[in-house]
Amino acid sequence: MLGRVNHVAIAVPDLEAAAASYRGTLGASVTEPQALPEHGVTVAFVTLPNTKVELLEPLGDASPIAAFLEKSPSGGMHHICYEVEDIVAARDRLLQAGARVLGDGNPKIGAHGKPVLFLHPKDFQGTLIELEEV
Ligand SMILES: CC[C@H](C(=O)O)C(=O)SCCNC(=O)CCNC(=O)[C@H](O)C(C)(C)COP(=O)(O)OP(=O)(O)OC[C@H]1O[C@@H](n2cnc3c(N)ncnc32)[C@H](O)[C@@H]1OP(=O)(O)O
Ligand SMILES: [Co+2]
């Protein structure tokens, strides 16, 4: 069911500073910030030869990233995103297996304009998993 790793996400308290560190100190290319109010985040992507790093800053006071940063104020690894060919089939298989699909269980449009879903970290070795349909 799982395809490529689409991105690894890092929660950051200051997106501009994180982007500067990836651009300057690490010599990587970073996209311009993109506000996603429906997800409570502002994102920028570090583009790499084989995948991407998603830098996530809280947007709005209901942001899931704000809750994460309360526990880890300097930021940290937030989630991993795997690609799937059919996100509804993947969801149904996961529900069948007893996994928790977060939110109302219906895919939402993510940063790449594709449908995404999230799976509870407690069901997958303490790791928040995002699925993105490609
Ligand atoms: C879609 C746009 C973009 C894209 O790629 O296109 C994005 O990726 S946006 C990313 C931001 N959106 C989300 O993260 C949505 C899914 N997340 C959630 O629904 C919540 O953040 C949730 C349920 C994972 C955690 O919510 P909250 O922090 O309010 O709950 P708890 O504090 O009760 O946490 C429960 C339990 O899980 C542990 N936890 C929380 N976040 C993470 C995490 N990122 N990775 C691993 N574990 C996490 C938390 O520590 C609690 O554990 P416990 O042992 O009970 O303390
Ligand atoms: Co993501």
Side-chain angles (χ1 to χ4, degrees):
M1 178 171 92
L2 297 184
R4 300 181 321 155
V5 172
N6 181 275
H7 61 270
V8 174
I10 299 173
V12 299
D14 180 339
L15 184 57
E16 208 174 301
S21 153
Y22 270 83
R23 269 195 204 100
T25 316
L26 292 166
S29 77
V30 186
T31 66
E32 288 307 306
Q34 183 189 357
L36 297 172
E38 66 282 15
H39 294 284
V41 296
T42 304
V43 303
F45 284 94
V46 180
T47 47
L48 302 164
N50 65 327
T51 188
K52 294 182 276 299
V53 167
E54 180 180 66
L55 303 172
L56 290 166
E57 184 187 71
L59 178 62
D61 45 19
S63 169
I65 305 304
F68 183 92
L69 291 174
E70 269 167 39
K71 293 180 184 164
S72 312
S74 49
M77 300 282 272
H78 186 261
H79 64 269
I80 186 167
C81 180
Y82 300 109
E83 295 178 352
V84 292
E85 282 183 8
D86 181 339
I87 200 160
V88 171
R91 180 205 53 200
D92 293 347
R93 172 179 164 156
L94 287 155
L95 290 174
Q96 191 71 33
R100 285 169 284 187
V101 177
L102 297 170
D104 65 8
N106 292 310
K108 292 193 173 33
I109 298 303
H112 300 128
K114 304 278 181 62
V116 300
L117 278 175
F118 288 89
L119 309 178
H120 202 289
K122 291 291 191 196
D123 296 338
F124 294 99
Q125 298 75 43
T127 304
L128 178 61
I129 289 178
E130 178 182 7
L131 301 179
E132 178 173 322
E133 185 174 81
V134 293

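Only a predicted model underlies this, so the values are computations on that prediction, with no experimental measurement involved. Scope of the values below: all heavy atoms of this structure, side chains included, with no hydrogens, waters or symmetry mates. Ligands are counted one by one from 1 in listed order, and the atoms in each one are counted from 1 as well.
In this structure, atom 10 (C) of ligand 1 has a protein heavy-atom contact shorter than 4.0 Å. Per-atom contact check: atom 50 (O) of ligand 1 touches the protein, criterion being a heavy-atom distance below 4.0 Å. Per-atom contact check: atom 30 (O) of ligand 1 does not touch the protein, criterion being a heavy-atom distance below 4.0 Å.
When the heavy-atom distances from atom 45 (N) of ligand 1 to M77, Q125, H78 are ranked, the shortest goes to H78. The option with the heavy atom closest to atom 7 (C) of ligand 1, from among K52, K114, H120, E54, is E54. Distances from atom 8 (O) of ligand 1 to the heavy atoms of H112, H79, R100 put H79 nearest. In the candidate list K108, K122, Q34, E70, K122 is nearest to atom 53 (P) of ligand 1, counting heavy atoms.
Under the 4.5 Å side-chain heavy-atom criterion for ILVMFWY residues, a single connected hydrophobic cluster contains both V8 and V12. A chain of hydrophobic side-chain contacts below 4.5 Å, direct or via other Ile, Leu, Val, Met, Phe, Trp or Tyr residues, connects V101 to V84. One hydrophobic cluster holds both I10 and V30 under the rule that ILVMFWY side chains link at heavy-atom gaps under 4.5 Å. Residues V134 and L119 do not share a hydrophobic cluster, clusters being chains of Ile/Leu/Val/Met/Phe/Trp/Tyr side chains in contact below 4.5 Å.
At under 3.5 Å, a nitrogen or oxygen of A111, whether backbone or side chain, sits near a nitrogen or oxygen of ligand 1. Between H39 and ligand 1, not a single N/O pair is under 3.5 Å apart.
Those atoms of ligand 1 with a heavy atom of P64 less than 4.0 angstrom away are 11 (C), 12 (N), 13 (C), 21 (O). The ligand atoms of ligand 1 that sit less than 4.0 angstrom from a heavy atom of H7 are 5 (O). For ligand 1, the atoms lying closer than 4.0 Å to a non-hydrogen atom of G110 are 1 (C), 6 (O).
At least one heavy atom of K71 sits closer than 4.0 Å to an atom of ligand 1. Residue contacts with ligand 1: E132 is excluded, as none of its non-hydrogen atoms falls under 4.0 Å. At least one heavy atom of G126 lies less than 4.0 angstrom from ligand 1.
Heavy-atom neighbours of M77 CE from other residues, nucleotides or ligands within 6.0 Å: at or below the threshold of 12. R23 CZ: more than 12 foreign heavy atoms inside a 6.0 Å radius. When the shell of 6.0 Å around CG of D104 is examined, it contains more than 12 heavy atoms from other residues, nucleotides or ligands. Crowding of Q34 atom CD: a count of heavy atoms from other residues, nucleotides or ligands under 6.0 Å exceeding 12.
F68 CD1, 4.3 Å is the protein heavy atom nearest to atom 41 (N) of ligand 1. Of all protein heavy atoms, the one closest to atom 22 (C) of ligand 1 is L102 CD1, 4.5 Å. With hydrogens left out, the protein atom closest to atom 27 (P) of ligand 1 is A67 CB, 4.7 Å, a heavy atom. Protein heavy atom in closest approach to atom 16 (C) of ligand 1: F118 CG, 3.6 Å.
The shortest side-chain heavy-atom distance between L59 and L36 does not fall under the 4.5 Å cut-off. Looking at heavy atoms from C-beta onward, L55 lies out of side-chain contact with F45 at the 4.5 angstrom threshold. Looking at F68 and L128, their side chains never come closer than 4.5 Å, going by heavy atoms from C-beta outward. Taking 4.5 Å as the limit, every side-chain heavy atom of T51 sits out of range of all side-chain heavy atoms of R4. Within the 4.5 Å cutoff, the side chain of K108 has no heavy atoms near those of the E38 side chain.
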Tell me, with the steps shown, if E54 and H79 meet side-chain hydrogen bond (donor to acceptor under 3.5 Å, both in side chains). CA-CA 9 Å; E54 180 180 66; H79 64 269; 3.1 Å; yes
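K114 has no carboxylate O lying under 4.0 Å from a charged side-chain N of E133, or vice versa, which leaves the two without a salt bridge.
When each of P13, S63, P64, S74 is checked for a side chain to side chain contact (heavy atoms under 4.5 Å, CB included) with L69, only P13 meets the rule.
Residue contacts with ligand 1 for P121 involve side-chain atoms from C-beta outward but no N, CA, C or O (heavy atoms, distance under 4.0 Å).
Listed by chain and number, the protein atoms of type N/O/S under 2.8 Å from the Co ion (ligand 2) are H7 NE2, E54 OE1, H79 NE2, E130 OE1; waters are omitted.
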